[in-house]
*Asks:* 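Handing you this structure, nothing more for now.
Values below: all heavy atoms of this structure, side chains included; hydrogens, waters and symmetry mates excluded. Along the sequence shown, residues are numbered consecutively beginning with 1. The shown structure was predicted, so the numbers you read here are calculated from the model rather than taken from an experiment.
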Amino acid sequence: MLSVNGCINAQSRLNTSVKPNVVFIIVDDLGPVDPGCYGGNKHKLPTPNIDRMAAEGMLFTQAYSGCCVCAPARSVLMTGKHMGHTTVRGNLGGISLLAEDVTVAEVLKNGNYKVGGFGKWGIAAIGTPGVPEKHGFDEFFGYYHQIHAHNYWTDYLWHNSRKVELKGPKGSKQRYTHHVIFERAKKFIRDNKHQPFFCYCPWTPPHGSWHIPDDDPTMAELKDKPWPKNAKVYAAMVAMVDRHLGEIFDLLKELEIDDNTVVFFCSDNGGYPAFGNFFGSNGPYRGQKTNLYEGGIRIPLIARWPGRIAAGSESDLLWYFADVMPTLADLTGTTEFMPDDIDGLSTVPTLTGRSDKQEKHEFLYWEYTRVGNWQKYTYEKNGLQQAVRMGKWKLVRLKQNVPFELYDLSKDIGEKNDLAAMYPAIVNKMATIAKQQHQEPVPQTEPPAPNGKRFI
Ligand SMILES: [Ca+2]
């Protein structure tokens, strides 16, 4: 691997170049070690396009989501505010961004970017002020409420809050939603190749419910595996998003905008140990999606920008979804439109080989309260989880009324050896940060969810 400093003169070129396009692909519930370039899971699912992207770009070894589940993670990503400050804290699906929230899409839109989103919004129900077309998107196509997104065979999706019936082959109404969403994303890139664009792709696969069309080429390769049926479908969904990532790069090359497009690829939270933890998608990390141990918040994250981000480079910078807004604003020259009260930092110095100039977080902060009852729209009582990362230290508790645990992640990546009793001063310092960073969100009433399977 090349050093991160191997990308010479990136900054001087950054200042004089035309505005780069940004494609931000965030897949759903892919575990932190699922991609081959992160070591691979127990069954070493092939991910050739993700691996090639890492070989051509920068792989982050300590990247984190904004939260351990879908909706709040998206809220952090969009607002640049960590979980103690962002608007959407819960995962029931109908809590919405507020009119006054400023998103990364709005920041880039104000800088004359064309902005499209294709996939699962997850942070507003239809008819609320939080819908994407009121937050900087020229167009958004896909699911708005994330309960709706648990159905890959729904007969409608939304386009700027207008219902779009899905017409399938032979006059049937249904089509596999991700295929439709992917086609729209590619069309957006084609249509905007002559102007700076931001294409946000929060793709739903490989999130459950696990479905893929029988005729998708990835299923043909897996159908004879002696695996549980849904495990085969999960593997096929991973292969499908990997193939689609490759198709995005093919398209950028065909349109001759590959060199001027920064592509990010990541997951939205840690893996879910489905099918009896068949794949071991969280590798050595403790915990899973829905909790704040490392397995709930660690993500694969790769960035690629030919000639600007050193090929085959790797960085252990600690960064998370709050950093996406300042990073994209910095890349696109739109920082003047950012709100003053965000929690993120630009990672562009690291991306462009100037890690000596990289501003570092004093701490990273997460919180989350799990859903208590999906039917009654309630959250777990005293269920506020909190976690703080400060250098090598990780402070975490999974309930409000239990003591904090402390781990030294430089020696104990599996969070097995609680050192809280040995280092009370560090616990006190980090617990004070946790207390200070938690602010109460603006109360909202959860609207009724659309039809769809209630999920984690
Ligand atoms: Ca997710």
Side-chain angles (χ1 to χ4, degrees), residues 21-28 65-66 70-80 86-88 93 96-97 99 101-146 148-149 154 156-164 166 177-193 195-205 207 241 244-245 248 251-252 261-268 321 324-325 327-329 331-332 334 337:
N21 309 305
V22 178
V23 178
F24 200 103
I25 299 168
I26 166 173
V27 298
D28 211 321
S65 172
C70 310
R74 282 162 175 70
S75 184
V76 173
L77 188 152
M78 273 293 138
T79 62
T86 199
T87 295
V88 180
S96 303
L97 288 185
D101 280 321
V102 177
T103 69
V104 59
E106 285 170 279
V107 171
L108 270 60
K109 175 73 182 164
N110 286 333
N112 292 320
Y113 269 69
K114 192 83 167 180
V115 182
F118 305 90
K120 172 169 122 186
W121 182 240
I123 44 178
I126 291 290
T128 69
V131 292
E133 70 272 15
K134 291 184 179 171
H135 283 280
F137 286 85
D138 294 294
E139 63 168 317
F140 191 95
F141 180 85
Y143 303 99
Y144 280 28
H145 195 295
Q146 63 181 20
H148 184 203
T154 177
Y156 69 94
L157 288 171
W158 298 100
H159 185 233
N160 290 1
S161 292
R162 187 176 58 82
K163 196 180 248 188
V164 177
L166 297 183
T177 53
H178 176 67
H179 286 172
V180 185
I181 287 165
F182 179 61
E183 291 303 319
R184 291 266 187 152
K186 287 200 296 187
K187 182 175 187 311
F188 173 84
I189 293 172
R190 274 186 195 284
D191 289 350
N192 293 289
K193 66 178 178 177
Q195 65 186 94
F197 64 80
F198 170 35
C199 184
Y200 172 59
C201 296
W203 291 344
T204 310
H207 192 295
V241 295
H244 284 166
L245 177 67
I248 292 286
L251 178 63
L252 297 175
T261 303
V262 196
V263 181
F264 292 86
F265 176 87
C266 65
S267 185
D268 70 333
F321 278 1
V324 172
M325 177 193 283
T327 296
L328 300 197
L331 283 169
T332 59
T334 56
F337 304 111

*Asks:* If you define the side chain from C-beta out and look only at heavy atoms, does anything of Leu97 sit under 4.5 Å from Thr79?
*Replies:*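 When only atoms from C-beta onward are counted, Thr79 and Leu97 do touch, with a gap below 4.5 Å.
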*Asks:* Only counting residues at least two apart or in another chain, list the ones meeting side chain to side chain donor-acceptor pair (under 3.5 Å) with Thr334.
*Replies:*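 Here the qualifying residues are Thr332.
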*Asks:* Would you be so kind as to tabulate the donor-acceptor pairs closer than 3.5 Å made by side chains of residues 181-188, with sequence neighbours excluded?
*Replies:*
residue: Lys186; atom: NZ; partner: Glu247; partner atom: OE1; Å: 3.3
residue: Lys187; atom: NZ; partner: Asp191; partner atom: OD2; Å: 2.7

*Asks:* Hey, what do you get for CG (Leu331) to CG (Leu108), rounding to the nearest 0.5 Å?
*Replies:*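 Answer rounded to 0.5 Å: 9.0 Å.
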*Asks:* Residues two or more places apart in sequence or in another chain: which of them pass side chain to side chain donor-acceptor pair (under 3.5 Å) with Glu139?
*Replies:*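 Once residues adjacent in sequence are excluded, the partners of Glu139 under the side chain to side chain donor-acceptor pair (under 3.5 Å) criterion are His159.
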*Asks:* Among all residues two or more places apart in sequence or in another chain, which pass the ring-ring contact (aromatic ring centres under 6.0 Å, His included) test with Tyr143?
*Replies:*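 Partners of Tyr143 under the ring-ring contact (aromatic ring centres under 6.0 Å, His included) test: His148.
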*Asks:* What distance do Asn192 atom CG and Tyr113 atom OH have between them, rounded to the nearest 0.5 Å?
*Replies:*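 OH of Tyr113 is found 12.0 Å from CG of Asn192.
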*Asks:* Grab the two heavy atoms, one from Phe140 and one from Gly119, that are nearest each other, plus how far apart they are.
*Replies:*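 It is CE2-O, 3.6 Å.
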*Asks:* For the residue pair Val241 and Pro205, what are the closest heavy atoms and their distance?
*Replies:*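 Reported closest heavy-atom pair: CG1-CB, 3.8 Å.
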*Asks:* Taking side chain to side chain donor-acceptor pair (under 3.5 Å) as the definition, give me every residue that meets it alongside His178, ordered by chain and number, with sequence neighbours left out.
*Replies:*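 By the side chain to side chain donor-acceptor pair (under 3.5 Å) rule, His178 matches His244.
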*Asks:* Locate the shortest heavy-atom distance separating Pro202 from Phe118; write the atom from each residue and the value.
*Replies:*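 Closest heavy-atom pair between Pro202 and Phe118: CD-O, 3.3 Å.
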*Asks:* When rounded to the nearest 0.5 angstrom, what distance separates SG in Cys201 from CZ in Phe24?
*Replies:*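 Separation between the atoms: 10.5 Å.
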*Asks:* Test side-chain contact (heavy atoms from CB on, under 4.5 Å) on Leu251 and Arg190; report intermediate values, then the result.
*Replies:* CA-CA 8 Å; Leu251 178 63; Arg190 274 186 195 284; 3.6 Å; yes
*Asks:* Show me the side-chain donor-acceptor pairs of residues 128-138 shorter than 3.5 Å, one per line, residues at least two apart or across chains.
*Replies:*
residue: Thr128; atom: OG1; partner: Ser96; partner atom: OG; Å: 3.2
residue: Thr128; atom: OG1; partner: Ala125; partner atom: O; Å: 2.8
residue: Thr128; atom: OG1; partner: Gly130; partner atom: N; Å: 3.3
residue: Glu133; atom: OE1; partner: Tyr144; partner atom: OH; Å: 2.8
residue: Glu133; atom: OE2; partner: Ser161; partner atom: OG; Å: 2.5
residue: His135; atom: ND1; partner: Asp101; partner atom: O; Å: 3.1
residue: His135; atom: ND1; partner: Glu106; partner atom: OE1; Å: 3.1
residue: His135; atom: NE2; partner: Leu98; partner atom: O; Å: 3.3
residue: His135; atom: NE2; partner: Pro129; partner atom: O; Å: 3.0
residue: Asp138; atom: OD1; partner: Lys109; partner atom: NZ; Å: 2.5
residue: Asp138; atom: OD2; partner: Lys109; partner atom: NZ; Å: 3.2
residue: Asp138; atom: OD2; partner: Val115; partner atom: N; Å: 2.8

*Asks:* Under a 4.5 Å cut-off applied to non-hydrogen side-chain atoms, are Val324 and Thr327 in contact?
*Replies:*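 A side-chain contact under 4.5 Å is absent here.
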*Asks:* Find the distance between CZ (Phe264) and CD1 (Ile26) and round it off to the nearest 0.5 Å.
*Replies:*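 Output value for this atom pair is 12.5 Å.
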*Asks:* Got a second to check how far Cys70's SG is from Asp28's CG, nearest 0.5 Å?
*Replies:*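 Reported value, rounded in 0.5 Å steps: 4.0 Å.
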*Asks:* What's the shortest heavy-atom distance between Leu77 and Tyr200, and which atoms?
*Replies:*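 Heavy-atom minimum between the residues: CD2-CE1, 4.0 Å.
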*Asks:* Over all heavy atoms of both residues, which pair between Phe197 and Val23 is shortest? Give the atoms and the distance, please.
*Replies:*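 So the two residues come closest at CE1-CG2, 4.0 Å.
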*Asks:* For Val107 versus Ala329, what's the shortest heavy-atom pair and its separation?
*Replies:*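 For Val107 versus Ala329, the nearest heavy atoms are CG1-CB, 4.0 Å.
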*Asks:* Could you tell me whether the side chain of Phe198 reaches within less than 4.5 Å of the side chain of Lys114, counting heavy atoms only?
*Replies:*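 Sidechains of Phe198 and Lys114: no contact.
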*Asks:* Phe337 versus Val102: any side-chain heavy-atom pair under 4.5 Å?
*Replies:*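 They are not in side-chain contact.
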*Asks:* Quick check: do Val263 and Leu252 have side-chain heavy atoms less than 4.5 Å from each other?
*Replies:*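 They are in contact (side-chain heavy atoms under 4.5 Å apart), so the answer is yes.
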*Asks:* As an exercise, state the distance from CD1 of Ile248 to CZ of Phe265, rounded to the nearest 0.5 Å.
*Replies:*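 So the CD1 of Ile248 and the CZ of Phe265 are separated by 11.5 Å.
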